[in-house]
Amino acid sequence: MQPGLSVIVHGPDPQGRLGELLDSLSAQPFAESEVIVAAVGDWARQQAERRAAEDSRMVVLPLPEGTSDGVARAAGAARATGRWLHFVHAKDGLPAGALRIVADRTTELGDSADVLVVDHVRSTWQNSGAPGGDGRFLARVGRRAVPLADSPQLLRMTPVLGNRVMRADFWRSPDVHADIAGEDVLDDEAYTALAVLLHAGAIASVDQVAYEIRDLREQSLPPVAPAQRYAVIDRYERLHRLLDGRDGRDAPDGPKSVLYDVMVRDLLRTFARGGMPEPVAREFFRRASRAAVRRRPSHHQRPAGLDGIRHSLLEEDAYTKYRAFQAANQKRREVRSVVAAGRRQVGAKLRDHRYRRALSEPVDAELAVFSAYWDRGVACNPAAIAAKLTELAPHIHPVWVVSRHKAALLPPGTDHIVAGTRRYWDVMARAKYLVNNVNFPNSVVKRPDAIHLQTHHGTPLKRMGLDQLDFPAASKGLDFEALLARIDKWDYSVSANSHSTRMWERAYPSRYTPLDYGYPRNDVFYSATAADVRAIRDRLGIAPGRRAVLYAPTHRDYEAGWTPRLDLASLADRLGEDTVLLVRGHYFYGGAASPLAGLRRSGRVIDVSSYDPVEDLSLAADALVTDYSSIMFDYANLNRPIVIYADDWETYAKTRGVYFDLTAEAPGHVARTQEELAAVFESEAWRDEASLKSLTAFRRRFCEFDDGRAAERVVRRVFLGESEESLPPVAPVDERTPAPAPSEATA
């Protein structure tokens, strides 16, 4: 049976949005439709194939990396079998109920219309579901299918294909296909969106929201050739010729006038965006002026106010006057913001004047600044990179930023600076390299010739960055504009797996280069020896032959303070005398009156909350128990058992937001109560075949790039400038040999 509607999802997986779109489609059951996923690149293909395995309506059409949107659209349309076609870009969305709205309306229309236009909402990183502004045009059409001449205002609708659904026979008709399939317009979505309205014999509407345009934050700014600038003018010249030449008749006055207004507005907006070299800007303005004069309909009335002045200057080809007009408007805006500008100037003066002076000095190519966890000390990925830097590039001098009260805890001989001091501003200004696993303060200037390396400090299960917008319990008043300003300083972003790369891409959208090299701090999981494991256990006081279970819970954003989730005394009793609990987290009860005091004295519970580095604790443990801490992703490198204690998973997921369902994709058994947790260890299920199978799948997904040589790859690429091709390749997960387990490390 021929489906009534083909939804053609096309494109790569920008900032991890494709999965959300496909999930929303799966959640909208409608048997008489099909979903063609023209998936560009391996990651998009994997996301699509995973969903298609559970939804028989989905057909995956893999396309090579770099396939353009126009080519992907065409490939999807060629594969589609439905009577109507709805093109949906992979970055965009379909609101709940949209599939039913479109399917019902197209069924009702049959062949009485060529194009169905729908309303849309628009989402950005700041807000979601804002009205798109097209509703007023749709409301005038009503339920009738009308020619464009009767509703020319439809040409003012946002020019994207997602808000117009085409009858398949119309889309494939010779006239339409010949017009929109040309090499010069295939990837011009705005042209195609307007052209289908000009070609259509009848247009219908539905005055309901059935599409979501997502304006993602741009992550790259490729150079724009002059020909690409002028192509905007050529677009409208072609549209006017199409309108004039249709059926050999004169163009209707209504569509001609509206198309002219749309053209002039778009040309002026393109010019106002700037970014054009002066000769290109002059030529663009000249060509736009000629188009405005040549295509102006008779009796056309210019708009009133400032827009009318802009139109007049464009038609006069008054480039110099237009620039003066722009400058005057800019001056008015500056006057209105003078108070804010004054505050910024005062703030700049209050920040160290020495810093400003130092910023004018040359960058020191042999100076690198490191910081971890908001200036806590030598730790995490920055520490591993600094150590490898000393080995491979000893000419580069590392300096650590550390808070005043942590300075005494630094390893002997560590060169360091304390935030806010005179030397701090001097070093921060001159350093070629800035390395951090969080962000440097807003006041730190990113010089064009400096390199900012963001290492992160975990694999994201919980929502991060811009994805916290919908979770106020997690964001707690986070200034997202300031966050974006900080991430715009990044040059490189280190990642341990493809999941992280994609989630960073959407949570921290900017123009940095992802480094899929693995986490340097996890290199030790492949370099540590049996002697290293024994030495760590000796330092921790773990007697030979005892089983060590590391318990590392995470923080809850929805709790004002810390709430113990396990009765450790009871759990220790259940696990027996031969088990030691290494507790990494908040102090549990503290003080001499603590019910754990006796257990601590017996060596059955060891509080390791302040022990660093945490990698030592992982090497010492036979198994890990955690809830939602990212330590699970690092520990999985060791190929040792992991048990998830998820007593409040639903609450955590709802308040913090998560990227995937950990209870369904866990690295081992999932316990929902303390009784279940104890039973997992008592029954030996913690290391059974099912646990091993889950761990293997988890390792392949989340330890993808961690093979023991991450720090080397980072240093060679970022500090020594070696090419990607010359770096050590990532070893397959199944070919790696992690550090020996404690049971294998016995003397």
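Contact of the Pro255 side chain with the Leu155 side chain is registered, since non-hydrogen atoms from C-beta on lie closer than 4.5 Å. Here the side chains of Tyr512 and Trp504 are in contact, with some heavy-atom distance below 4.5 Å. With a 4.5 Å cut-off on side-chain heavy atoms, Val118 and Ile101 do not count as touching. With contacts defined as side-chain heavy-atom distances shorter than 4.5 Å, the pair Val102/Asp104 does not qualify.
Looking at His300 and Asp261, their side chains do bring a donor and an acceptor atom within 3.5 Å of each other. There is no side-chain donor-acceptor pair under 3.5 Å between Ser493 and Gln454. Residues Thr81 and Glu34 have side chains that bring a donor and an acceptor to within less than 3.5 angstrom of each other. Using modelled atom types and a 3.5 Å distance limit, the side chains of Arg287 and Tyr230 yield no donor-acceptor pair. A side-chain donor-acceptor contact under 3.5 Å links Asp69 and His89.
Qualifying ring-ring contact (aromatic ring centres under 6.0 Å, His included) partners for Trp171, counting only residues two or more places apart in sequence or in other chains: Phe87.
Checked against Ser205 for a side-chain contact (heavy atoms from CB on, under 4.5 Å), the options Val115, Val117, Leu154 give a single hit: Val117. Partner Arg235 forms a salt bridge (Lys or Arg N to Asp or Glu O under 4.0 Å) with one of Asp184, Asp187, Asp266 and no other, that one being Asp266.
Ion pairing between a basic and an acidic side chain is recognised when a charged N comes within 4.0 Å of a carboxylate O; Lys446 and Asp491 show such pairing. A salt bridge links Arg214 to Glu20: at least one charged side-chain nitrogen sits closer than 4.0 Å to a carboxylate oxygen. Salt-bridge check for Arg238 with Asp179: passed, with a basic side-chain N closer than 4.0 Å to an acidic carboxylate O. By the 4.0 Å N-to-carboxylate-O rule, Arg717 lies close enough to Glu724 to be salt-bridged with it. Taking 4.0 Å as the cut-off between side-chain N and carboxylate O, Asp488 and Arg511 do not count as a salt-bridged pair. Salt-bridge formation is not detected for the pair Arg164/Asp134: no Lys NZ or Arg NE/NH1/NH2 atom is positioned less than 4.0 Å from an Asp or Glu carboxylate oxygen. The residues Glu237 and Arg294 are annotated as salt-bridged, a charged nitrogen and a carboxylate oxygen being separated by less than 4.0 angstrom. A salt bridge does not link Asp13 to Arg502: none of the charged side-chain nitrogens sits closer than 4.0 Å to a carboxylate oxygen.
Counting heavy atoms of neighbouring residues, nucleotides and ligands inside a 6.0 Å radius, atom CD of Glu183 does not exceed 12 of them. In this structure, Arg290 places its CZ atom where only 12 or fewer heavy-atom neighbours from other residues, nucleotides or ligands lie under 6.0 Å away. No more than 12 heavy-atom neighbours from other residues, nucleotides or ligands sit within 6.0 angstrom of CZ on Arg79.
Annotation: cation-pi pair Arg310/Tyr322 absent, no NZ/CZ under 6.0 Å from the ring centroid and within 45° of its normal.
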Quiz item: Could you walk me through whether Leu242 and Tyr191 pass the side-chain contact (heavy atoms from CB on, under 4.5 Å) check?
Solution: CA-CA 11 Å; Leu242 171 61; Tyr191 175 84; 4.3 Å; yes

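Using a distance-only test at 3.5 Å, with no hydrogens or angles considered, no donor-acceptor pair links the side chain of Ser312 to the main chain of Ile309.
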